[in-house]
> 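Dropping a structure here in structure tokens format, bear with me for questions.
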Amino acid sequence: MSYQSAAPLAEWAAPKGRVPVALAQVREDALQDLWLARRQRQARGQGLRVVLTASGGCSAAALAAFEGTSLLHLVDTNPAQLALTRLKLHLLQTADTPDRLRLLGHLPMPGSTRRARLEAAFGRLGLAPDALGPLAEVAKVGPDFCGRYERLFALFRDEFAPVRDAVSTVLALRNPVEQARRVAPETGLGAALDRAFHAAFRQQTLVRLFGKAATAHRVEPFARYLARRTRHVLATRPAADNPYLWQLLAGRFPPGVLVPWLTRQPSASPLPQISYLHHPMDAALAAVEVGGFDMVHLSNLLDGLDPVQARRTLERAWRALRPGGIVIVRQLNSSFDIRGCGSAFAWDPVADQLHAKDRSFFCRTLHVGVKTDRPPTAS
């Protein structure tokens, strides 16, 4: 589905306009989060209490399906992201994998059928029919493709349409050396991909879609950053079974490979206790029980904060964690010294080992901070 042909950029680019979902799929490898959760569960000896950025709901669903989680406190400033997360947690309980894929837009389903199913699900959840945007539009493509990022990625794929067959050939490979050779900047394919990145990910487009703060602290232009990170994953990991790479370059999953939460079958066991809060993360952390949580998952939200806000958020994460609890931070294309801002944490070198195995290549750094007995200094 091409969003460029479905609606001009001007019609859907306003952040609070007809496309309220910023990102519908979480482009973070939940295998990393699950590994850390298992380690925490083993050390803790009881169910984990987790504060998590709701985002697109994929990481939340993966942790909700993990038997070691006892509580999820889901936080987001965007009510549409909370609504999408609620939908995915509902599907985790009520739909098997093929049904989730059809309803979310990964497999075909008649638009009228998807619309009726979504409307029924929203009704059961107490959500408005347009919680994710105009229902007819969401039903046409599926909730996992209704976000602004997903539409931008579709525009990006349209830009390299003349070399789509060559891209498909690369995606079928399992040899990083050959993959890297084929997409090198000096090749015809590499040059075409660079042109597509620069056409789709212009700075003015990103500001229009996501606001100034999202890219204010960039190290390099996002078009160049995304091209470089894409080449990095192609040079280091097999392409054929990487779901995050396929979603970017093909708009679908590779055959037989899904992100973790989609593989979990419905269970008669109840989900962990779940709460939802429409609030900035720093305010949410200030309001929770001191020392009441085992994990605080910040995703990459620090990228969009100024240094004072970032330091305050890390201080409040430290306050919310029990001794030995961890904060998880992913960093994209920002210049922040995150570990310096969170000097009260002991920054775990396991983060670098995990990041080296990360299939999702959008983040350049993974940070895992362990709460020590040293309190944060006043900011």
> Do R39 and D348 pass the side-chain contact (heavy atoms from CB on, under 4.5 Å) test, and can you show the C-alpha distance, the side-chain angles, and the key distance before you say yes or no?
CA-CA 13 Å; R39 188 184 70 167; D348 192 336; 2.9 Å; yes
> What residues form a ring-ring contact (aromatic ring centres under 6.0 Å, His included) with F66, not counting sequence neighbours?
none
> Does the pair E137/R151 count as a salt bridge with the N-to-O cut at 4.0 Å?
yes
> Do F197 and R224 touch side chain to side chain, with heavy atoms closer than 4.5 Å?
no
> Please check if any side-chain donor atom of Q203 sits under 3.5 Å from a side-chain acceptor atom of T215, or the reverse.
yes
> Test L74 against every option in L277, V50, T53, T85 by the side chain to side chain contact (heavy atoms under 4.5 Å, CB included) rule and name the one that passes.
T85
> Using only atom types and a distance under 3.5 Å, with no angle test, would you say the side chain of Q32 pairs donor to acceptor with the backbone of R359?
no
> Quick test of your reading of the model: are E220 and R228 salt-bridged, counting only N-O distances below 4.0 Å?
yes
> If you round to the nearest 0.5 Å, how far is OG1 of T69 from CD of Q40?
11.5 Å
> With salt bridge (charged side-chain N to carboxylate O under 4.0 Å, His left out) as the rule and sequence neighbours excluded, what pairs involving residues 92-117 come up?
D99-R102, D99-R117
> Answer yes or no: does atom CD of Q273 have more than 12 heavy-atom neighbours from other residues, nucleotides or ligands under 6.0 Å?
no
> Short question: side chain of S168, backbone of R164 - any donor-acceptor pair under 3.5 Å?
yes
> Is any NZ, NE, NH1 or NH2 atom of the basic residue among R231 and D194 found under 4.0 Å from an Asp or Glu carboxylate oxygen of the other?
yes
> Considering non-hydrogen atoms only, spot the tightest contact between L82 and A54 and give its length.
CD2-CB, 3.7 Å
> Do Y244 side-chain atoms and F362 backbone N/O form a donor-acceptor pair below 3.5 Å?
no
> Which heavy atom of L34 sits nearest to which heavy atom of P260, and what is that distance?
CD1-CB, 4.2 Å
> Ignoring hydrogens and geometry, is there a side-chain-to-backbone donor-acceptor pair from K212 to V207 under 3.5 Å?
no
> Carefully, step by step, assess L354 and D29 under the rule side-chain contact (heavy atoms from CB on, under 4.5 Å).
CA-CA 10 Å; L354 288 172; D29 193 346; over 6 Å; no
> To the nearest 0.5 Å, how far apart are CZ in R330 and OG in S59?
6.5 Å
> More than 12 non-hydrogen atoms from neighbouring residues, nucleotides or ligands closer than 6.0 Å to CD on Q42, yes or no?
no
> Kindly indicate whether the side chain of R41, heavy atoms from C-beta on, has any atom under 4.5 Å from the side chain of R44.
no
> Looking only at non-hydrogen atoms, find the nearest pair between R181 and E178 and report the distance.
NH2-OE2, 2.7 Å
> Is there side-chain contact between I338 and L302, with at least one heavy-atom pair below 4.5 Å?
yes
> Looking only at heavy atoms, which two atoms of L226 and T230 are closest? And how far apart?
O-OG1, 2.7 Å
> Between the side chains of E150 and R27, is the shortest nitrogen-to-carboxylate-oxygen separation below 4.0 Å, so that they form an ion pair?
yes
> Output the distance between atom OG1 (T365) and atom CG (D358), rounded to the nearest 0.5 Å.
11.0 Å
> Check step by step if side-chain hydrogen bond (donor to acceptor under 3.5 Å, both in side chains) holds for S299 and E28.
CA-CA 8 Å; S299 185; E28 298 174 358; 2.4 Å; yes
> Describe, in one word, how the ring planes of F160 and F156 are oriented to each other, choosing from parallel (under 30°), tilted (30 to 60°) and perpendicular (over 60°).
perpendicular
> Applying a strict under-4.5 Å side-chain criterion to I, L, V, M, F, W and Y, I'd like to know whether W246 and L31 cluster together.
no
> Do you reckon V26 sits in the same ILVMFWY cluster as L87, going by side-chain contacts under 4.5 Å, direct or chained?
no
> Using the side-chain contact (heavy atoms from CB on, under 4.5 Å) rule, take R86 and L127 through it: C-alpha gap first, then chi angles, then the decisive distance, then the call.
CA-CA 9 Å; R86 291 181 65 188; L127 296 171; 3.5 Å; yes
> Could you check if a side-chain atom of L132 sits within less than 4.5 angstrom of a side-chain atom of F122, using non-hydrogen atoms only?
yes
> Does a side-chain heavy-atom distance below 4.5 Å link V141 with V138?
no
> Does a salt bridge link K357 with D352, judged by any charged N lying under 4.0 Å from a carboxylate O?
no
> Test side-chain contact (heavy atoms from CB on, under 4.5 Å) on N333 and D303; report intermediate values, then the result.
CA-CA 8 Å; N333 181 26; D303 285 328; over 6 Å; no
> Ring-plane angle category for F153 and F201, please: parallel below 30°, perpendicular beyond 60°, tilted otherwise.
tilted
> Once rounded to the nearest 0.5 Å, what's the spacing between atom OG of S275 and atom NE2 of H73?
4.5 Å
> Give a yes or no on whether the backbone of D306 and the side-chain of Q309 come within a donor-acceptor separation of less than 3.5 Å.
yes
> Does L332 offer a backbone N or O that forms a donor-acceptor pair with the side chain of R364 under 3.5 Å?
yes
> Would you check if the side chain of K88 reaches a backbone N or O of G56 as a donor-acceptor pair within less than 3.5 Å?
yes
> Are the side chains of V370 and F345 in contact, using a 4.5 Å heavy-atom criterion?
no
> Within a strict 4.5 Å, meaning less than it, do heavy atoms of the L104 and F145 side chains meet?
no
> Quick one: do L173 and V183 end up in the same hydrophobic cluster if we chain Ile, Leu, Val, Met, Phe, Trp and Tyr together by side-chain heavy atoms under 4.5 Å apart?
no
> Closest heavy-atom contact between R157 and L248?
NH1-O, 3.0 Å
> Is any NZ, NE, NH1 or NH2 atom of the basic residue among R319 and E315 found under 4.0 Å from an Asp or Glu carboxylate oxygen of the other?
no
> Residues in side-chain contact (heavy atoms from CB on, under 4.5 Å) with Q353, at least two apart?
V350
> Please tell me whether R252 and H106 have a donor and an acceptor in their side chains that are separated by less than 3.5 angstrom.
no
> In Å, rounded to the nearest 0.5 Å, how long is the span from CG of L271 to CG of L71?
12.0 Å
> For S55, is there any backbone N or O sitting under 3.5 Å from a side-chain donor or acceptor partner on D76?
yes
> Please determine if D282 and R311 form a salt bridge, counting it only when a charged side-chain N lies under 4.0 Å from a carboxylate O.
no
> Side-chain heavy atoms nearer than 4.5 Å, only ILVMFWY residues, links allowed to pass through others: does that put L125 and L118 together?
yes
> Does the Lys NZ or Arg CZ of R49 fall within the cation-pi geometry relative to F293 - under 6.0 Å from the ring centre and within 45° of the axis?
yes
> Can a salt bridge be assigned to the pair R38 and D294 using a cut-off of 4.0 Å between side-chain N and carboxylate O?
no
> State whether the side chain of H355 and the backbone N or O of C363 hold a donor-acceptor pair below 3.5 Å, judged by distance alone.
yes
> Calculate, to the nearest 0.5 Å, the distance between atoms CG and NZ belonging to L135 and K140 respectively.
13.5 Å
> Counting N and O atoms only, with roles assigned by atom type, does the side chain of Q331 sit under 3.5 Å from a partner on the main chain of H367, one being a donor and the other an acceptor?
no
> Taking all non-hydrogen atoms of both residues, which atom of D144 and which atom of A24 are closest, and how far apart?
OD1-O, 3.3 Å
> Taking side chain as C-beta onward, heavy atoms only, is R264 less than 4.5 Å from L92?
yes
